[in-house]
Number of protein chains: 2
Amino acid sequence: MAQDSMQGSLKERGVRLTRQRQILLELIDKTGEHLDAERLYQMAKEKDPKLNRVTVYRTLKMLKLGGLVDELDLMHYGGDQHYYETRLKQEHAHVICLRCGKVEEFFGDPLQKLRKQIESHFGFQVLLARTEVGGYCAHCQTLRAREVEVARVAPVTPPKRARRAAARRP
Amino acid sequence: MAQDSMQGSLKERGVRLTRQRQILLELIDKTGEHLDAERLYQMAKEKDPKLNRVTVYRTLKMLKLGGLVDELDLMHYGGDQHYYETRLKQEHAHVICLRCGKVEEFFGDPLQKLRKQIESHFGFQVLLARTEVGGYCAHCQTLRAREVEVARVAPVTPPKRARRAAARRP
DNA sequence: GTTAGTGCAAACCTTTTGCAGCTCT
DNA sequence: AGAGCTGCAAAAGGTTTGCACTAAC
């Protein structure tokens, strides 16, 4: 359903609905949230092996400029890539656990109040707003203390980038 | 003064106060805000031409991990680099004009309320919070309408990356 | 004297660009 | 038919890493 309204919005602006874009729109819509370009590319490739990574980037850029998707960083947990989600839901904050990577969404009046206060305080016209919160989720808080203790004896640096790179290699 | 408390905090943890770090700490402190790694490097190089860009990155990473500086994106206006500011002030949101690039800071109770609500709602331990808002500042709102009109006749794509790249070349 | 930190070069990941050819409308 | 879009290769931008050397404590 988000896909339909997206397609409509694009058609109005004379944007062509190519096979590739339909695939990408469907994935962004159905998968829901928090996909980065690479993952979106991998998923799209299964539906059309010829589809190029560049097309993913170009499509995302277009959707972002058109205000159809929002770009997130998720506190750079997992790297410096960007994540995308459709712009349907009410404004919300993203809450990222820095230990397990779980992402929660928070809807609540402080967000609306914040926006309104900024608009009236500065006479600012708000187009985009992004709130990201990092910390430890309920589950990880207890596990964390233990880890800190262990780390003093045998420090481990998890190779953040290697994970993603491995998934890309043929 | 921020520099002093930073240095103290580092000393406590057995971090060495090298000449390079002193230069960087002073710049981060005095310049105040919103420096990216490259600009910080350029400024540091004037005080010590031998100081390497890598040292800037390593120092920023350390300060970030130590919770002494916060990392910002400023809505990726101007590119994908990160910006840094000392973690002294009260929590605040950054308000970025997408036309002129001006950055305002907003302090206000919605931010504290947001944090508290997230903590109690999810049982989450908040360590970092970042709110960035993009739009048009009061001054640019009027100028904007005119531009949109002009753009329909003679579209211009400003080369975002070229600006920064030019400044780096020898 | 240790150990942490630096500089240099090279790598890395993510994203963008130029251009020839293809395809939606 | 023709503007718009894609794929490919290559580049760019920002950041990280490996290693030998240096300097802070």
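Below, read A as the first sequence line, B as the second, and so on, with proteins coming before strands; counting in each chain starts at 1.
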Task: Side-chain donor-acceptor contact under 3.5 Å, Glu71(B) with Tyr83(B) - done: no
- [ ] Say whether His94(B) and Asp73(B), considering side chains only, have a donor N or O and an acceptor N or O under 3.5 Å apart.
- [x] no
Task: Test item: side-chain donor near acceptor, Arg144(A) and Tyr136(A), under 3.5 Å - done: yes
Task: Phosphate-side-chain proximity, Tyr57(A) and dT15(C), N/O vs OP1/OP2 below 4.0 Å - done: yes
- [ ] Kindly indicate, with the supporting measurements, whether the criterion side chain to side chain contact (heavy atoms under 4.5 Å, CB included) is fulfilled by Leu27(A) and Leu40(A).
- [x] CA-CA 7 Å; Leu27(A) 286 172; Leu40(A) 185 56; 3.7 Å; yes
- [ ] May I ask you to verify if any side-chain N or O of Asn52(A) is less than 4.0 angstrom from the OP1 or OP2 atom of dT6(D)?
- [x] no
Task: Rounded distance (Å) that lies between atom P of dG5(C) and atom CG of Leu51(B) - done: 15 Å
Task: Polar side-chain atom of Arg21(A) near backbone of Arg16(A) as donor-acceptor pair, under 3.5 Å - done: yes
- [ ] Please report, rounded to the nearest Å, how far the P atom of dA4(C) is from the CZ atom of Arg21(B).
- [x] 11 Å
TODO: Would you check if there is a donor-acceptor pair between the side chains of Gln42(A) and Glu46(A) at a distance under 3.5 Å?
DONE: no
TODO: Identify, between Lys61(B) and Asp48(A), the residue whose nearest nucleotide on DNA chain D lies closer to the 5' end.
DONE: Asp48(A)
TODO: May I have the distance from Arg39(A) (atom CZ) to dC13(C) (atom C1'), rounded to whole angstrom?
DONE: 18 Å
Task: Length of the CG-C1' vector between Leu24(B) and dG7(C), whole Å - done: 14 Å
Open item on the list: Is there a side-chain contact between Arg53(A) and the phosphate of dC8(D), meaning an N or O under 4.0 Å from OP1 or OP2?
Closed with: no
Task: OP1 or OP2 of dT15(C) under 4.0 Å from side-chain N/O of His82(A) - done: yes
Open item on the list: Using a 4.0 Å heavy-atom cut-off to protein, can you give one letter per nucleotide of nucleotides 18-25 of chain C, 5' to 3': B if the base is in contact, S if only the sugar-phosphate is, - if neither?
Closed with: B----BBS
- [ ] Using whole Å, report how far CG of Asp80(B) lies from P of dT17(C).
- [x] 11 Å
- [ ] Would you mind reading off the distance between Lys47(A) atom NZ and dT6(D) atom C1', rounded to a whole angstrom?
- [x] 19 Å
- [ ] Nearest whole angstrom, please: distance from the C1' of dT14(C) to the OH of Tyr83(A).
- [x] 12 Å
Open item on the list: In this structure, how many angstroms lie between the P atom of dC13(C) and the CD atom of Gln42(A), rounded?
Closed with: 14 Å
Open item on the list: For the residue pair His92(A) / Glu104(A), report whether a side-chain donor-acceptor contact shorter than 3.5 Å exists.
Closed with: no
